[in-house]
Every structure is written in C-alpha cells, then in structure tokens.
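Just so it is clear, the model here is predicted, and its values are computed rather than measured. Computed from heavy atoms alone, side chains included, the values below leave out hydrogens, waters and symmetry copies.
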Amino acid sequence: MIESIRNIISEYGIDGDILLYRDENHRKKELCEYLVSKIDVHNKEVYTYSDGAFALYLARALPNNKVNTYCGIISHDYGEIMAKTLNLTVNLNVSYPNFEKMEFNGVKIDQFNSKLVFEYYKSYFHKMVDEFKRFNVNAFCDCGHSCATLAGFVASNLENQFVDWKFILGCVIKTPRTFIYHLEPYRNEIFQYLTTKFNTYEIGDKIEEKYPEFGNVFEATRSISAAMAYLQENQGETVAIYVGDSFEKEGSRFRSNTRKI
C-alpha cells in the first residue's frame, strides 16, 4: 500500500511529496521469520539485543524457544506487549558494547552485526522498487537503529542500479553511531537530515486522522520529519518512506518514542 501525504506536508510550507509504503505486516515480522529459517535454533535458547520490535517478533517467530533480549531501557511502545510474551525475557540496564562481549550457551542473534539481516533487506529492495515504478521518486529516507534496511537498499542499488534515488538517513545528531554498524561501508552514499525539526507526534496524529485506512505510522514519523527537512532544501521532489509499523497499535501504551518539540 502506498499513500501520498503531500497535502499534509504542504501545511508546513513544503512543496513536494512524501510517499508512505507499507507491507501487510510489521517490517520485523518477515525479517525474523527469515532469520530463524536460516539459523539452527532447535532446542536452543536465543539471545539478542533489542528494546522493542525486533525482540518481540523474534520471540513470536520462535514460539517453542526461550528468547532473551538485552537493552538499556525498554521501549515505551512495545514494553507492555513484551512483558506479556511468555517466551521472552527482558534484561535491562545492559549497554550494546557489553552485550557484544557476552558469550552464551545458545544462539546469539545480533541484529546490529548480522549479515543475514543485511542480506534480507538487500534482497527486499527490488520489491520496493517494483511498488514505486509508477511514481517519480527522487529519494528514499529511513531512520533506524542498526540501519540494516538503508544499508541493504544502498548495497542492492549499487549492485543492480535499480534506481537513481538519493538515500537519506534520518538522525537525531549528525554522524550518528549507526554508521559503525551496517552503514559503515556506505558512508559516502548517504545524505543525513535531522529528525528533530518537526513535531513528530503532531505529524503522526495528522496522518492517522486523515488516512485511517493506512493505519499506524508512529515509528515512521522520525523518517517523515527527516524527509520534510530534506524537501525544504529540495522543493518539488518526492521522497519514499518504508513504514515499518504493524497496521494496528498493540497494547495501550503505544505512542512512539519520537522526539516531541
């Protein structure tokens, strides 16, 4: 499904378009199902680092395994659902560098360094390109933690030259730590725009009120804000965004951890 929010961003004085693209399910659902199809997890405990969706969907993809996730603090959005997931144990107050050093008697799935995660999104890119063939897209924008999605898309395009899009990283600060993960080899292919210039709560509310049939967009509002910042400097262009959220918000606390200005 693709939805234009041109009329919403025009309220902010922006001449251009943002096209929101989504699958039927949360972005992490198919990713985690792909991972467990490639890794021997039979009768093994699984360990990962995630404060939200990745751990949740990994546990759902492994209903017969015990999944342990480590994080600094739990996601406001997903914490309630994670606590109700019987095969998922959350370990708080653990930094990612410390997790990297840990060794486990089981299977460690590290989304920040896993080549399988990168390869999944690399192979996914052609599907998105096919969906956007009827549109004149100038750029793709994404904001993430490991940034495997953006890295995979860039790598796929460098290899196949599907499109002539620019690739934009939405970030809270310039040159974020994400560059040391999947994005590091593609540093010179990425443009950076801040996610903090616009009120993401306000944007999300406007989109969901005007397009209820498109569903939940709150995880994507940081990407949308960065795309709007890009369009302020590149008036008249069109930016594509991959909305990774599930269609409906799960639980009573889902409000997104995007920054409110």
Side-chain angles (χ1 to χ4, degrees), residues 1-31 50-57 60 74-85 124 127-128 131-132 134-135 137 139-145 147 149-150 168-172 193-232 237-261:
M1 179 186 294
I2 295 176
E3 185 66 68
S4 165
I5 57 168
R6 178 189 295 271
N7 56 356
I8 291 176
I9 65 174
S10 68
E11 297 177 17
Y12 297 83
I14 296 172
D15 175 20
D17 200 0
I18 294 176
L19 300 174
L20 305 181
Y21 159 81
R22 79 170 326 128
D23 289 319
E24 181 180 355
N25 300 303
H26 194 288
R27 184 191 302 192
K28 298 294 195 302
K29 181 178 186 294
E30 281 75 17
L31 167 63
S50 168
D51 67 354
F54 184 82
L56 176 64
Y57 282 96
R60 288 177 173 177
I74 197 66
S75 163
H76 180 273
D77 305 331
Y78 292 98
E80 178 185 9
I81 302 301
M82 293 169 76
K84 295 178 180 178
T85 303
Y124 186 96
K127 178 181 178 181
M128 172 172 279
E131 293 288 337
F132 280 103
R134 67 185 189 274
F135 299 98
V137 175
F140 171 78
C141 180
D142 198 47
C143 172
H145 298 295
C147 290
T149 304
L150 190 57
I168 301 165
L169 171 65
C171 47
V172 176
Y193 280 84
L194 296 180
T195 63
T196 55
K197 194 168 185 179
F198 299 93
N199 186 324
T200 54
Y201 286 114
E202 179 182 86
I203 292 167
D205 286 341
K206 286 183 177 182
I207 294 170
E208 292 184 2
E209 181 179 358
K210 191 167 185 64
Y211 303 107
E213 70 282 357
F214 192 80
N216 173 27
V217 299
F218 267 101
E219 279 190 55
T221 54
R222 290 171 295 174
S223 301
I224 294 168
S225 178
M228 290 168 65
Y230 168 82
L231 287 171
Q232 283 187 317
E237 292 193 8
T238 297
V239 182
I241 287 177
Y242 183 6
V243 176
D245 308 84
S246 56
F247 181 81
E248 294 182 358
K249 297 182 178 72
E250 293 190 71
S252 61
R253 298 187 63 203
F254 201 109
R255 179 57 174 161
S256 185
N257 60 351
T258 49
R259 180 168 294 195
K260 186 172 184 178
I261 299 175

Side-chain (Thr195) to main-chain (Ala226) donor-acceptor, under 3.5 angstrom: no
Once rounded to the nearest 0.5 Å, what's the spacing between atom OG of Ser225 and atom OH of Tyr201? 13.0 Å
Quick one: CZ on Phe214 to CG on Asp245, what's the gap to the nearest 0.5 Å? 9.0 Å
Are any non-hydrogen side-chain atoms of Asp77 and Phe218 less than 4.5 angstrom apart? no
Scan side-chain atoms only and decide if Tyr242 and Asp23 contain a donor-acceptor pair under the 3.5 Å cut-off. yes
Tell me whether Asp142 is salt-bridged to Arg27, with the criterion being a basic N under 4.0 Å from an acidic carboxylate O. yes
Smallest separation among heavy atoms of Ser50 and Gly52, with atom names: OG-N, 3.2 Å
Within-4.5 Å side-chain heavy-atom neighbours: Arg60 and Ile81: yes
Go through it in stages, so that I can follow the logic: the residues are Leu19 and Val137, the test is side-chain contact (heavy atoms from CB on, under 4.5 Å), and I'd like the CA-CA distance, side-chain angles, deciding distance and then a yes or no. CA-CA 9 Å; Leu19 300 174; Val137 175; 4.1 Å; yes
How far apart are the closest heavy atoms of Val243 and Val217, and which atoms are they? CG1-CA, 4.3 Å
Gln232 and Tyr193 side chains, donor-acceptor separation under 3.5 Å: no
Could you check whether any side-chain N or O of His26 sits under 3.5 Å from a backbone N or O of Gly244, counting only pairs where one atom can act as donor and the other as acceptor? yes
Heavy-atom distance under 4.5 Å between the side chains of Tyr12 and Ile203, does that happen here? yes
From CD (Glu30) to CD (Glu24), nearest 0.5 Å: 8.0 Å
Contact between Phe140 and Phe132 at the side-chain level, heavy atoms closer than 4.5 Å - yes or no? no
Nearest 0.5 Å, what's the CE-OG1 distance between Met128 and Thr149? 8.5 Å
Provide the closest heavy-atom pair for Gly204 versus Thr221 in the form atom of the first, atom of the second, distance. CA-CG2, 3.7 Å
Is a donor on one side and an acceptor on the other found under 3.5 Å between the side chain of Ser10 and the backbone of Asn7? yes
Between Ile8 and Tyr211, is any pair of side-chain heavy atoms under 4.5 Å apart? yes
Donor-acceptor side-chain pairing of Ser75 and Asp51 below 3.5 angstrom: no
Please enumerate all residues that pass side-chain contact (heavy atoms from CB on, under 4.5 Å) together with Glu131, with sequence neighbours excluded. Ile2, Tyr21
Taking the side chain as everything from C-beta on, heavy atoms only, tell me whether Asp17 gets closer than 4.5 Å to Phe135. no
Does the side chain of Leu169 come within less than 4.5 Å of Leu150's, by heavy atoms? yes
Between Arg22 (side chain only) and Asn216 (backbone N and O only), is there a donor and an acceptor less than 3.5 Å apart? yes
Smallest heavy-atom separation, Cys143 atom then Gly170 atom, equals SG-O, 3.3 Å
Within the structure provided, determine whether Ile224 and Ile207 are in side-chain contact (heavy-atom separation under 4.5 Å). yes
Might you confirm whether atom CD of Glu209 has over 12 heavy atoms from other residues, nucleotides or ligands at distances under 6.0 Å? no
Shortest non-hydrogen separation from Arg222 to Glu219 and the atoms involved: NH2-O, 3.9 Å
Please report the interatomic distance NZ(Lys206) to CD1(Ile9), rounded to the nearest 0.5 Å. 11.5 Å
Looking at every non-hydrogen atom in both residues, tell me the closest pair between Leu231 and Glu237 and how far apart they are. CD2-O, 3.3 Å
What do you reckon, is CD of Glu213 surrounded by more than 12 foreign heavy atoms closer than 6.0 Å? yes
